[in-house]
Amino acid sequence: MNGIKSNYFLATGIGLIIISLLITVAACSSSTTTAPASSSASAPVSSSATTPAASTAVGKAVTINLVAQNMAFDQSTLKVAPGASVTMNFSNKDSAPHNFALYTDSSASQSIFVGKTVSSSSIVYTFTAPSAPRNYFFRCDVHPRSMTGTFVVQ
Ligand SMILES: [Cu+2]
């Protein structure tokens with residue numbers, strides 16, 4: 001009785017190993033077949049480089065929609081290209097006053113752009129993003145501890 005049981009478990013054990021090996025082989029073979037397909041697909045994408053590389057250098061226009069609601073920003077990270085011309089649609093849905101202000105770092109000792117404070121309304125801010133790629137700091141000046149975020153230039 002015991003011998004039959006152990007044989008049964010041995011058989012199922014070997015069976016599981018074989019099944020897992022077959023799955024592994026299948027996964028490997030399927031991944032190798034997709035590899036040439038993706039490389040050929042990327043070729044026409046890179047050929048459409050009609051937009052010059054200089055477009056990323058200076059003044060690329062970008063629109064950011066930022067919402068202040070329930071004493072918080074709806075985004076904690078904003079990302080733009082170096083030197084981008086930023087148009088920010090800032091919507092304050094609170095009756096409390098909020099703004100968007102950009103600083104070199106979280107000490108907020110050196111401002112890059114300070115937006116006008118508004119209550120229960122929207123405003124359009126326009127400013128030029130820093131040209132040096134790194135992380136900057138933004139906040140609401142009225143709530144400098146709770147309403148903060150990272151402004152990424154890259
Ligand atoms: Cu605020």
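All ligand and atom numbering here is 1-based and tracks the order in the structure. Index from 1, following the sequence.
Here the side chains of F113 and F151 are not in contact, with every heavy-atom distance at 4.5 Å or above. Considering only heavy atoms from C-beta on, V142 stays 4.5 Å or farther from M71 through its side chain.
To the nearest 10 degrees, the angle centred on the Cu ion (ligand 1) between SD in M147 and SG in C140 reads 110°.
Minimum-distance N/O/S atom of H143 relative to the Cu ion (ligand 1): ND1. Distances from the Cu ion (ligand 1) to the N/O/S atoms of H98 are shortest for ND1.
Both the sub-6.0 Å distance and the 45° axial angle are not jointly satisfied by R139 relative to the ring of F137.
Remark: of the listed residues I64, T117, L78, N92, L78 is the sole one forming a side-chain contact (heavy atoms from CB on, under 4.5 Å) with F100.
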